[in-house]
Amino acid sequence: MRLILLGPPGAGKGTQSQQLVEKYGIVQLSTGDMLRAAVKAGTPVGQKAKDIMARGELVPDDVVVAIVADRIDQPDAKNGFILDGFPRTVPQAEALDRMLKAKGTQLDGVIELKVDEDALLRRIESRVAESKARGVTLRADDNPDVLAQRLKAYREQTSPLVAYYAGKGALRSVDGMASIPAVTAAINGLLNGSKEKAKTRRPRRKDGSVRDGADQPGAGRRSAAAKIARKTANLGVLTKGRAGN
Ligand code: ADP
C-alpha cells in the first residue's frame, strides 16, 4: 500500500497516518519529521532547512526529493508507506511519479483531508497550549505568525496537487472536520472500497469464466457493493501509462 495524505498544516495527517501504519503494517514517512531530525542533528541538510522551516516556508524541492528518494529505498518501506507532508509542490509530485515508475511501482491512492482554515488556527493554538502545559518543547514553527505563512505556502504551492491528482483519477477526499475516529473510518471505507471493487468487478466461476452476475444468487448484494466500488473507483489507480504525465 502506497498512499499520500494531503492536507494543510493541522489537518490531522500525522494522526491519521499513525492509524494507517498500525492497520496496514506500513511505514509513515513524514518529511517534516525527517527535516526536524536533520536540523537537530545539525547535518548539512538540517543547516540548510533550519531557518526556512522556522519561517514557515518550503525547503527547496531538490533537498526534499533527495531525502524521500533515499528513504523509500530503505528495507522497511518495501511493503509500502504513507507519505505525510510530501509531495508539497507539483515538481515534487512529478519527481515522485518518476521515482515510483523507475521502481516499477505506483501509488495506491491520494487522500485529501479537507478542513477549514479557522479550525486549523484553533487546532494549532490548542496544540501549542497543550504542549506548553505539558512542558514539551514547542516546534519552532508552531506559533500563529508562522502558521499564517505555512497556510499561505499550502494555498499557493501545495493545493494545486489536489487538481494534479484528481486529473490522474487518484484523489479521494474525506471531511477532516469530523472526529478523529470518524475520519479514520472514512479513510478505511475508501481503502476497503477499492479492494471491494477488485473483488466485485469481474466475478468468476470456479472454472475461471466470468459470471454475468445478474441471475446469480446474491446479485443484489453484489450490485450494492459494486455501487460503493463505483463511487470509490480509481482510488489509487495511477496506471503506469499515466503515472509519468
Ligand atoms: P505541518 O505540520 O505544517 O504540516 P510538517 O511537519 O509536515 O508541517 O513540515 C514542517 C516544515 O518542514 C514545513 O513548513 C516546511 O518548511 C518543511 N517541509 C516539510 N515537508 C516539506 C516538503 N515536502 N517540501 C518542502 N518543505 C517541507
Side-chain angles (χ1 to χ4, degrees), residues 2-18 20-21 27-72 77 81-100 107 110-117 119-131 136-162 164-165 176 180 183:
R2 291 176 184 79
L3 298 173
I4 291 178
L5 282 189
L6 197 59
K13 300 186 297 291
T15 307
Q16 296 302 329
S17 294
Q18 279 161 23
L20 292 164
V21 161
V27 288
Q28 174 195 6
L29 305 183
S30 156
T31 42
D33 287 349
M34 293 180 217
L35 289 167
R36 278 186 288 278
V39 170
K40 205 169 163 199
T43 64
V45 164
Q47 285 166 18
K48 217 182 225 180
K50 188 175 181 202
D51 295 339
I52 300 173
M53 291 172 76
R55 287 196 299 271
E57 292 166 9
L58 294 189
V59 173
D61 288 337
D62 57 342
V63 174
V64 187
V65 167
I67 294 179
V68 172
D70 189 51
R71 187 63 187 86
I72 62 176
F81 48 74
I82 304 162
L83 289 169
D84 160 7
F86 181 91
R88 248 178 165 96
T89 63
V90 171
Q92 288 181 18
E94 290 167 346
L96 177 65
D97 285 344
R98 285 194 297 272
M99 276 181 231
L100 295 178
L107 289 171
V110 179
I111 297 172
E112 179 200 13
L113 297 175
K114 285 176 99 79
V115 279
D116 72 59
E117 281 203 8
L120 295 176
L121 283 164
R122 286 196 300 275
R123 279 186 188 182
I124 303 263
E125 276 162 12
S126 65
R127 187 157 91 187
V128 170
E130 276 166 27
S131 300
V136 176
T137 317
L138 292 178
R139 267 171 55 171
D141 59 353
D142 253 353
N143 69 65
D145 290 341
V146 180
L147 177 64
Q149 173 54 43
R150 282 156 64 196
L151 286 172
K152 186 167 175 267
Y154 181 81
R155 266 195 310 268
E156 291 174 1
Q157 292 167 274
T158 308
S159 67
L161 291 180
V162 170
Y164 179 85
Y165 286 117
I180 291 173
V183 175

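Whatever order the structure lists them in is the order used to number ligands and atoms, beginning at 1.
R55 does not count as a contact of ligand 1, since none of its heavy atoms falls under 4.0 Å from the ligand.
With hydrogens and angles ignored, the 3.5 Å screen pairs no side-chain donor or acceptor of E94 with any backbone N or O of T89. At least one donor-acceptor pair under 3.5 Å links the side chain of Q47 to the backbone N or O of G42. Judged purely by atom type and a 3.5 angstrom limit, K13 has no side-chain atom pairing as donor or acceptor with the backbone of G85.
Contact annotation for R139 and ligand 1: only side-chain heavy atoms (C-beta onward) come within less than 4.0 Å of the ligand. Heavy atoms of L58 found under 4.0 angstrom from ligand 1 belong to the backbone as well as the side chain. At a heavy-atom distance under 4.0 Å, no atom of T89 approaches ligand 1.
Under the salt bridge (Lys or Arg N to Asp or Glu O under 4.0 Å) criterion, K48 pairs with no residue, sequence neighbours left out. Scanning for side-chain contact (heavy atoms from CB on, under 4.5 Å) contacts around A153 gives L58, Q149, Q157, with sequence neighbours left out.
Scanning all protein heavy atoms for the shortest distance to atom 16 (O) of ligand 1 gives E57 O, 2.5 Å. With respect to atom 26 (N) of ligand 1, the closest heavy atom belonging to the protein is V59 N, 3.1 Å.
Across every non-hydrogen atom of I52 and P60, the tightest pair is CD1-CD, 3.8 Å. Between L5 and S17, the shortest heavy-atom distance links the atoms CD1-OG, 3.4 Å.
Distances between N or O atoms of G56 and those of ligand 1 include no value under 3.5 Å. Geometrically, ligand 1 and D33 share no nitrogen or oxygen pair separated by less than 3.5 Å. Distances between N or O atoms of P9 and those of ligand 1 include no value under 3.5 Å. On a distance-only criterion, D84 and ligand 1 share no N/O pair closer than 3.5 Å.
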Step by step, would you call D33 with K40 a salt bridge (Lys or Arg N to Asp or Glu O under 4.0 Å)? CA-CA 10 Å; D33 287 349; K40 205 169 163 199; over 6 Å; no
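With rounding to the nearest 0.5 Å, the separation of CG in L35 from OG1 in T43 is 9.0 Å. Atoms CG and NZ, from L6 and K114 in turn, are 10.0 Å apart once rounded to the nearest 0.5 Å.
Counting atoms of ligand 1 from 1 in the listed order, those under 4.0 Å from a heavy atom of D141 are 10 (C). Near L35, meaning under 4.0 Å from any of its heavy atoms, are these atoms of ligand 1: 12 (O), 17 (C), 18 (N), 19 (C), 27 (C). Near R36, meaning under 4.0 Å from any of its heavy atoms, are these atoms of ligand 1: 6 (O), 10 (C). Close approach of ligand 1 to K13 is summarised as follows: ligand atoms under 4.0 Å from at least one heavy atom of the residue are 4 (O). Every atom of ligand 1 with a heavy atom of T31 under 4.0 Å away is listed here by number and element: 19 (C), 20 (N), 21 (C), 23 (N). The atoms of ligand 1 that sit less than 4.0 Å from any heavy atom of V64 are 22 (C), 23 (N), 24 (N), 25 (C).
Residue L138 places its CG atom among more than 12 non-hydrogen atoms of other residues, nucleotides or ligands, all under 6.0 Å distant.
Among Q92, M53, R150, R88, the residue whose heavy atom sits closest to atom 9 (O) of ligand 1 is R88.
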